[in-house]
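Data first, discussion second: the structure below is written as C-alpha cells.
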Amino acid sequence: MKLTNITLHYVQMKLKNPFTNSFSTVKNRSFIIIEAITDDGMTGWGECVAFDQPWYTEETIQTCSHILKDVLIPTIIGQHIHHPDELSSFFSPVRRNPMAKSALEGAVWDLYAKQNGLSLSAALGGGRKQIEAGISIGLKKKDEELFAAIDTSLAQGYKRIKLKIKPGQDISLISKVRDRYPGIPIMADANSSYTLADMDRLRELDQYGLMMIEQPLAYNDLYEHALLQKELKTKICLDESIQSAHDALQAIRFGSCRVINLKIGRVGGLSESLKILKLCEDEGIDVWCGGMLETGISRAHTIALASMSAVNLPGDISSTQNYWHQDITAPEVTVSKGCINVPDKPGIGFELNRDALEAFTVRKEHFHA
Ligand code: OSB
Ligand code: MG
C-alpha cells in the first residue's frame, strides 16, 4: 500500500463523569484521530490516546501532534508499505514517543487488515470470538458513590473490578469493599503514588487477596518494583513502567512484576504489543489489555489485541456508555454479560460515525504525498 492522504482530526470530548486517579481528575479528553487513505482509495483509522498533561507518561497531545506532523508523517507518506511491522524501521531514528507512533501504526494495521479482507483480530492472529471485559473505577468522594459504581458494574457482568487507590485512600477503601463484596475479583491501581517508604501500608494491602496491585511505585523504577515484589504475595502489575518490549523483558528478568497491563499506545503500537505478548507467553507472565479513556477507535484496536490467546486476564475494556454519551464509532462498544464480541468485518470492524466525528472536531490538518 501507498499512503497518499492523511488527515489529523483534533477532537475534544467530555466524559460522562470525571475520572479521578492518584494524580489527576480527567473531565475532558482531547484526541487526534488519524484518517489514512491509500492510493487504491482505502481508509484506515488510528487514534492518539495521550492526555493533555504529562501526568501518566511524558507524552501529551501537543507533543504527539508535533511528532506526527513534523517527523512521522513526512517519513512514511508516499512510501510503499507491505506490512505494518515495516513502520518500526521507518521510525527507528525516532527515540520513544510511543503514543505518536502507535496512532499512525494503528491506521496502517487497519488498512493492512482491510486490504487482506481480514478482521484486525484475524490479521493479528487472534482466535477469540468474544473477550472478557473488566472495568476501572476512579476514586470517589464518598463510599456510597464507589459502592453504586461497583453495583452497576457487577449488574453489567464485568469480570473483574479495578479500583484506583493512593496513600490515604487505600486500606480503608479496600477493606470496606472486601467486607461488602467478599468474593469478587478486585485489583487496585496506584498510578505510581507510593514509594518504598510506604512499605507498611503496602504490606497491609497485601492481606486483602487482591488479584494484583498495579504500578505502585515510580513510573521509571524497575529496581524498586523488584524489591517490593519480593516482599509481597500479591502480584505486581506494571503499567506506566513498560513502554516497549525491551522494558517488558527487563522487568520480567529483574522480577519487577508478575503481570503486565498492555496498552497499545503506551508501547508504540500493535507490532510491539505482539512482541510483548509473545514474551509474556514464553515467560509465563500474566497479561491483559488496558485502556486510556479512549474512543471506540482505540477501543476497537484493543479488542482485536485482546482476542489473542496469550492475553489471559480480563482487561480495562468497558463499554462506550461507561464513558461517553456519544462515541465516534458506529456501532458503539457494548458489553453483554461481561463480554464483548470481537468484530469479524474487515479491519477494526467499527465504522466511523462521521456526524459525531465532525461534531467533536475542533481542527483538522491534511497531508498528501
Ligand atoms: O492507569 O490504567 C490506568 C485511565 C487513564 C489513564 C491511566 C489508566 C486509566 C484507567 C482506565 O485505569 C482505563 C479505561 O477504562 O479506559
Ligand atoms: Mg494503570
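Counting starts at 1 for both ligands and their atoms, following the listed order.
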Nearest protein heavy atom with distance in Å, relative to [atom]:
{"atom": "atom 5 (C) of ligand 1", "answer": "F51 CZ, 3.3 Å"}
{"atom": "atom 13 (C) of ligand 1", "answer": "G291 O, 3.3 Å"}
{"atom": "atom 7 (C) of ligand 1", "answer": "K263 NZ, 3.4 Å"}
{"atom": "atom 15 (O) of ligand 1", "answer": "Y323 OH, 2.5 Å"}

Nitrogen or oxygen of [X] less than 3.5 angstrom from that of ligand 1:
{"X": "S136", "value": "yes"}
{"X": "R299", "value": "no"}
{"X": "K164", "value": "yes"}

Counting each atom of ligand 1 from 1 as listed, which ones have a heavy atom of [X] under 4.0 Å away?
{"X": "E294", "answer": "16 (O)"}
{"X": "W55", "answer": "6 (C)"}
{"X": "K162", "answer": "2 (O), 3 (C), 12 (O)"}
{"X": "Y56", "answer": "7 (C)"}
{"X": "N191", "answer": "1 (O), 3 (C)"}
{"X": "L293", "answer": "4 (C), 5 (C), 14 (C), 16 (O)"}

**Report entry** Plane angle bin for F51 and W55 - parallel if under 30°, tilted between 30 and 60°, otherwise perpendicular
**Finding:**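 Judged by the thresholds at 30° and 60°, the geometry between W55 and F51 is tilted.
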Report task. Decide, yes or no, whether a salt bridge links D316 with R160 under the criterion of side-chain N to carboxylate O below 4.0 Å. Result -> yes
Query raised in the report: Any salt bridge between E35 and R354, counting N to O under 4.0 Å?
Result: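 Yes, this pair counts.
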Report task. Would you check if the Mg ion (ligand 2) lies under 2.8 Å from any N, O or S atom of D316? Result -> no
Requested in this report: Not counting sequence neighbours, list each pair that qualifies as a ring pair (Phe, Tyr, Trp, His ring centres under 6.0 Å) and has a residue in residues 213-243.
Outcome: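 Those involving residues 213-243 do not exist here.
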**Report entry** Angle in degrees, rounded to 10°, that OE2 of E214 and OD2 of D239 form at the Mg ion (ligand 2)
**Finding:**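 An angle of 90° at the metal.
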For ligand 1, is there an atom lying under 4.0 Å from some heavy atom of [X]?
{"X": "E240", "result": "no"}
{"X": "F23", "result": "no"}
{"X": "Q215", "result": "no"}

Have a look at ligand 1 and work out which part of [X], if any, has a heavy atom under 4.0 Å from it: side chain, backbone, both or neither.
{"X": "N21", "value": "neither"}
{"X": "D189", "value": "side chain"}
{"X": "D239", "value": "side chain"}

Would a distance-only check, ignoring hydrogens and angles, find a side-chain to backbone donor-acceptor pair under 3.5 Å from [X] to [Y]?
{"X": "W324", "Y": "E294", "value": "yes"}
{"X": "T75", "Y": "V71", "value": "yes"}
{"X": "N5", "Y": "H368", "value": "no"}

Testing the 3.5 Å rule here: is there a donor-acceptor pair between the side chains of [X] and [Y]?
{"X": "W109", "Y": "S271", "result": "yes"}
{"X": "D344", "Y": "S119", "result": "no"}
{"X": "S22", "Y": "N191", "result": "no"}
{"X": "N312", "Y": "D286", "result": "yes"}

Query raised in the report: Taking all atoms of both residues into account, what is the closest heavy-atom pair of D239 and Q215, and its distance?
Result: N-OE1, 2.9 Å
**Report entry** Considering all heavy atoms, the nearest I260-C237 contact
**Finding:**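 Nearest pair, atom of I260 first, then C237: C-SG, 4.0 Å.
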Query raised in the report: When you measure from the Mg ion (ligand 2) to each N, O or S atom of D189, which atom gives the shortest distance?
Result: OD2
